[in-house]
Amino acid sequence: MTKIEDFRVLFNTITVYSNLLEDVVIDNFRYILDLAVKEESIDEVICAWSDMVNCLYNEEYNADWRKYINNLILFDNNYFTLECAKGKYHDLNPNIKTAALNDLNILIELSDIKCSDFKDLLYFKFPYDKDIIDSLASFDTASKRLSADEVAEYYASNGVGIFAKFKAFKFDSKNEIVPVYNPDNVKLKDLKHYEREQNIVVENTLGFLKGKPYNNVLLYGDRGTGKSSTIKAILNEYYKDGLRVIQVYKENLAHLDILMKMISNIPLKFIIFIDDLTFNDNDGNFGALKAVLEGSLAKQPDNMTIYATTNRRHLVKENFSAREGDEIHLADTIDETVSLSDRFGITVTYTLPNKDKFIDIVKEIKNDRGIEISDDELILGAERFALSKGNRSPRLAKQYIDYLQARLELNLELK
């Protein structure tokens, strides 16, 4: 095994994975080595050690040094990882491949380091501070050791960077793609009585994933009918097939071209998810989205599609003044309001269930959860709940079952 001191020199040879040298753990590791080799103050070593180990002491890494280093390797985004993810490992320039494998071997050996290796070095360099060194927080090296071949195969199967680690993202106001750490895990089987609508979206998604013709999709209809949940459920069903979802808020639509450029070379498939899409008159984001859908000189990337949900068929809030004027003006106004929705190749309509369908949805959710209650009591409670809310919807059915389950488990009276 490489001596711990040797990493001071080895790190300087890293090229393809050089951005990892800026990671807080590796940066503190290098700083500790420098202090130890130069026999600087133990106080500075303690501060750097605390910063380094603090990063290992969280739920994700569970004080495991090797797991932390493995994650750095597996989720890095560089030219080598991108080409591997595209299945082009064997076509890589030999010089780049050799450099990348050299980097990987160094990082894999780095993952072999044990807490005792660190402390042995510190004992040697600071012999009069043994008690202090003994008191330093410890960590493990417990996870499985990677190999270079396993790493290349991982990129090919899972993609690169944060897209290998997470499945759901948001495009924020800083024009950055940030992960959703706790995405909704709703499944298609959880969405009752909307199989026809779901199948339309699923079939389009499968075409998208398999490189077949596909369309941008507008999911239109009443609130609480499962439009957004359908998209979330499709992500959960197919993320292992390379599907990812990036949610974009309406106010950031003007920057869609930036997002398109950021993901165009990532070898995964991206649904751009726009929830509750409506526009006011003279909203600049209206034109931005319209151009991306169809009408811009730039082609929409083949690895991207847009799925939007809305409660308004034509997406634009209208008022009576918008329809004033002569017949030509009126025709132009109406044409403009429908022009955006028409650019979605598929429109799927979700409508509120009638009373019987609502009760069926309630019963199916109840059965899924194994709740024991008579049909008469269930139906009476569901109707009371619906009347208190003023409508019947799949969302309301789930809310009622949540309410019912909580009261039953707490032995509270049903109202």
Check the pair S143, Y68 against side chain to side chain donor-acceptor pair (under 3.5 Å), reporting the backbone distance first and the verdict last. CA-CA 9 Å; S143 293; Y68 189 95; over 6 Å; no
Quick check on the 6.0 Å ring-centre criterion: do Y181 and F166 meet it?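 Between F166 and Y181, which both carry aromatic rings, the centre distance is below 6.0 Å.
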In Å, rounded to the nearest 0.5 Å, how long is the span from [atom1] of [X] to [atom2] of [Y]?
X: I306; Y: I272; atom1: CD1; atom2: CD1; result: 7.0 Å
X: D402; Y: Q399; atom1: CG; atom2: CD; result: 7.5 Å
X: L412; Y: L404; atom1: CG; atom2: CG; result: 11.5 Å

Would K389 count as a cation-pi partner of F385, with NZ or CZ less than 6.0 Å from the six-membered ring centre and within 45° of the ring normal?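 Yes, a cation-pi geometry.
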For [X], enumerate each residue passing the side-chain contact (heavy atoms from CB on, under 4.5 Å) test, keeping only those at least two apart in sequence or located in another chain.
X: V37; result: R8
X: K97; result: Y89, L92, L101
X: K165; result: E60, Y61, N71, F75

Taking only Lys NZ, Arg NE, NH1 and NH2, and the carboxylate oxygens of Asp or Glu, determine whether [X] and [Y] approach each other closer than 4.0 Å.
X: R30; Y: E22; answer: no
X: K130; Y: D134; answer: yes
X: D120; Y: K125; answer: no

What do you reckon, is [atom1] of [X] surrounded by more than 12 foreign heavy atoms closer than 6.0 Å?
X: Y57; atom1: OH; value: yes
X: N182; atom1: CG; value: no
X: K261; atom1: NZ; value: no

Side-chain touch W65/L56, heavy atoms, less than 4.5 angstrom: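 In contact.
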pair L72-D23: side-chain heavy atoms closer than 4.5 Å: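 With C-beta onward as the side chain, the pair touches.
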Would you check, one step at a time, whether the test salt bridge (charged side-chain N to carboxylate O under 4.0 Å, His left out) holds for K227 with E197? CA-CA 9 Å; K227 302 183 297 296; E197 293 84 353; over 6 Å; no
Quiz: residues 233-240 side-chain donor-acceptor pairs under 3.5 angstrom, not counting sequence neighbours:
residue : atom : partner : partner atom : Å
N236    : OD1  : K167    : NZ           : 2.7
N236    : ND2  : D184    : O            : 3.0
N236    : ND2  : V186    : O            : 2.7
N236    : ND2  : K232    : O            : 3.2

Just jot down the ring-ring contact (aromatic ring centres under 6.0 Å, His included) partners of F11, sequence neighbours excluded, or say none.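 Only F7, F29 meet the ring-ring contact (aromatic ring centres under 6.0 Å, His included) criterion with F11.
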Suppose we screen for ring-ring contact (aromatic ring centres under 6.0 Å, His included). Which residues come up paired with F171, at least two apart in sequence or across chains?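 For F171 there are no ring-ring contact (aromatic ring centres under 6.0 Å, His included) partners, ignoring immediate neighbours.
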Identify which one of K398, K192, K189, K363 satisfies the salt bridge (charged side-chain N to carboxylate O under 4.0 Å, His left out) criterion when paired with D368.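 Between D368 and the candidates, salt bridge (charged side-chain N to carboxylate O under 4.0 Å, His left out) is satisfied uniquely by K192.
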R66 side chain vs A142 backbone, donor-acceptor pair below 3.5 Å: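 It does not hold such a pair.
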